[in-house]
Amino acid sequence: MTRRSAPSANEDPLDAEWKRSFRRRLLAWYAKHARDLPWRRSRDPYRVWVSEVMLQQTQVETVRPYFERFMAAFPNVAALAEADEQAVLRLWEGLGYYRRARSLHAAAKQVVADHAGQIPGDVATLLTLAGVGRYTAGAIVSIAYDRPAPILEANTIRLLTRLIAYNGEPTSTAGQKRLWAVAEELLPAKGCSTFNQALMELGALVCTPAAPRCETCPAETLCRARAEGTVERLAPTTKKLKFTDAREAAVVVRKGAMVLLRQCGPDERWAGLWDFPRFAIDAEGPLFAKDELRDKVRGQTGVACDPGALITTIKHGVTRFRITLECYEATYKSGRLNGATKWVRPADLTELPLSATGRKLAKLLQFTTKERRNKG
DNA sequence: AATACGGGGAC
DNA sequence: GTCCCAGTATT
């Protein structure tokens with residue numbers, strides 16, 4: 001185990017002149033290097049809020065097109081509050097973490113009902129909104145309202161950890177506490193909107209996880225880790241997770257031109273989204289799975305079917321699972337649908353919000369068996 | 001303090 | 001393949 005120097009050295013108040021210098025250099029750098037991002041074109045609190053929620057654990061380039069579409073469909077908080085949740089989820093499809101979309105929609109209703117349609121401008125009130133945590137609240141207060149509120153997220157955790165050469169675990173409770181304090185201490189009295197965005201931008205473009213561009217960093221001579229030569233030896237700012245393999249089956253039950261879909265319940269993964277009947281399977285391979293498929297489709301939908309050929313196998317990762325999804329054909333035999341289940345024409349699947357694998361399978365259904373084979 | 005929650009980009 | 005991403009809520 002490597003001996004680290006005493007953490008107490010990291011707890012010292014930051015030098016006032018050092019802080020001024022850091023702020024000045026950071027802002028000068030940002031003035032030159034800020035990216036043109038759609039959510040930076042105005043400080044409308046609604047736009048900032050939507051962008052911040054979309055950006056939670058999601059990369060900027062991934063969010064960009066989603067943000068544009070979402071704002072076109074729901075240009076203000078009233079429009080979002082009045083929207084149908086299915087429409088909101090459909091626009092969120094592919095972005096992941098669908099609870100964000102449901103929370104955002106619920107919070108929009110909260111804002112209309114409890115705050116006269118005005119997005120709150122203080123952290124404490126923002127924290128009462130669904131899906132708004134300490135980071136997002138701080139981001140809205142600082143970026144949209146240009147008022148002092150610290151932020152701490154992936155980019156700035158890494159940046160600040162290096163800047164002060166934090167020698168504990170940045171992901172620990174103590175580490176987070178310290179880094180939030182640093183974020184607050186660095187915050188200028190004025191210009192918090194630009195400052196916080198600049199902090200994140202520097203983390204995203206220069207103070208990167210791998211191969212940070214220290215030679216071009218405006219804070220190079222102020223950075224304690226750079227001075228110590230520990231930039232790439234500090235404790236990681238993210239936790240790694242181990243994957244578990246899982247085998248699942250999805251079943252395309254056909255009844256004439258229709259296929260069977262079910263809506264995921266509020267307490268399961270993909271809550272609110274639709275998917276083909278889908279479940280974990282124990283049996284090995286198509287020849288042995290039929291009885292199990294029949295039983296589980298019936299249990300999940302109330303419908304009896306006759307399972308047939310394997311259509312395709314889809315591999316994908318979701319949260320901590322590495323899933324191998326076997327997709328089977330089946331024909332309807334009998335039985336009535338239970339609650340959240342319905343028959344849908346394949347062409348109409350475009351209107352439903354589906355999981356990524358559900359969408360992949362839905363797209364395949366547009367083709368004949370022979371065309372699918374040719375696609376490999 | 002640990003875990004659940006998605007999907008895709010970058011290497 | 002692995003790592004990571006403008007986190008939040010729940011247990």
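Throughout, protein chains are lettered first and strands after them, A, B, ... in sequence-line order, and every chain is numbered starting at 1. As the structure is a prediction and not an experimental result, all values here were calculated from the model.
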(Q) So, under a plain 3.5 Å distance rule, would you say the side chain of R99(A) forms a donor-acceptor pair with the base of dT8(C)? (A) yes
**Q.** Touch class at under 4.0 angstrom, heavy-atom based, for S355(A) against every strand present
**A.** sugar-phosphate
Q.
Over all strands shown, is V60(A) touching base, sugar-phosphate only, or nothing at heavy-atom distances under 4.0 angstrom?
A. sugar-phosphate
Q | Nucleotide nearest T238(A) when distance is taken to its side chain, options dA6(C), dG7(C), dC4(C) | A | dC4(C)
Q) Any side-chain heavy atom of T331(A) within less than 4.5 Å of one from V253(A)? A) no
Q: Look at the side-chain N and O atoms of Q57(A) and state whether any lies under 4.0 Å from the OP1 or OP2 oxygen of dG7(C).
A: yes
Q: Check every atom of dG7(B), dC5(C), dA6(C) against the side chain of A356(A) and return the nucleotide holding the closest atom.
A: dG7(B)
Q. When the distance from CD of Q56(A) to C1' of dT8(C) is rounded to whole Å, what number comes out?
A. 6 Å
Q: Compare the minimum distances between each of dA6(C), dC5(B), dG7(B) and the side chain of R40(A), then state the nucleotide with the smallest one.
A: dA6(C)
Q) Looking across every strand, which nucleic acid part, if any, lies under 4.0 Å from K239(A) by heavy atom: base, sugar-phosphate, or nothing? A) nothing
**Q.** Closest to side chain of Y135(A), choosing from dG6(B), dC4(C), dG7(C)
**A.** dG7(C)
Q: Classify the nucleic acid contact of R102(A) as base, sugar-phosphate or nothing, counting any heavy atom under 4.0 Å across all strands shown.
A: nothing
Q: Give T136(A) one of three labels, base, sugar-phosphate or nothing, depending on what nucleic acid heavy atoms sit under 4.0 Å from its own.
A: sugar-phosphate
Q | Minimum-distance nucleotide (side-chain atoms of T62(A) versus dG7(B), dG9(B), dA6(C)) | A | dG9(B)
Q.
One thing to verify: whether R294(A) and D306(A) come together as a salt bridge, which I'm taking to mean a side-chain N less than 4.0 angstrom from a carboxylate O.
A. yes
Q) Quick one: on DNA chain C, does V132(A) or T58(A) contact a more 5' nucleotide (nearest heavy atom)? A) T58(A)
**Q.** R40(A) bridged to E201(A) by N-O distance under 4.0 Å
**A.** yes
Q.
So W92(A), base contact, sugar-phosphate only, or nothing? Heavy-atom distance under 4.0 Å.
A. nothing
Q) Expressed as a whole number of Å, how far does the P atom of dG8(B) sit from that of dT8(C)? A) 22 Å
(Q) Mind checking if E61(A) touches a base, just sugar-phosphate, or nothing, with heavy atoms under 4.0 Å? (A) nothing
Q) If each of L241(A) and E153(A) is mapped to the nucleotide of DNA chain C with the nearest heavy atom, which maps nearer the 5' terminus, i.e. the 5' end? A) L241(A)
Q: With heavy atoms under 4.0 Å as the rule, sort A204(A) into base, sugar-phosphate or nothing.
A: nothing
Q: May I ask you to decide whether R178(A) forms a salt bridge with E169(A), counting only side-chain N to carboxylate O separations under 4.0 Å?
A: no
Q.
For a quick check of understanding: with a heavy-atom distance under 4.0 Å over all strands, which category does I157(A) fall into, base, sugar-phosphate or nothing?
A. nothing
Q: With heavy atoms under 4.0 Å as the rule, sort A154(A) into base, sugar-phosphate or nothing.
A: sugar-phosphate
Q.
Would you say R158(A) and T237(A) are linked by a side-chain donor-acceptor pair, where the criterion is simply a distance under 3.5 Å?
A. no
Q: Please state the P separation for the pair dA4(B) and dA6(C) - nearest whole angstrom.
A: 24 Å
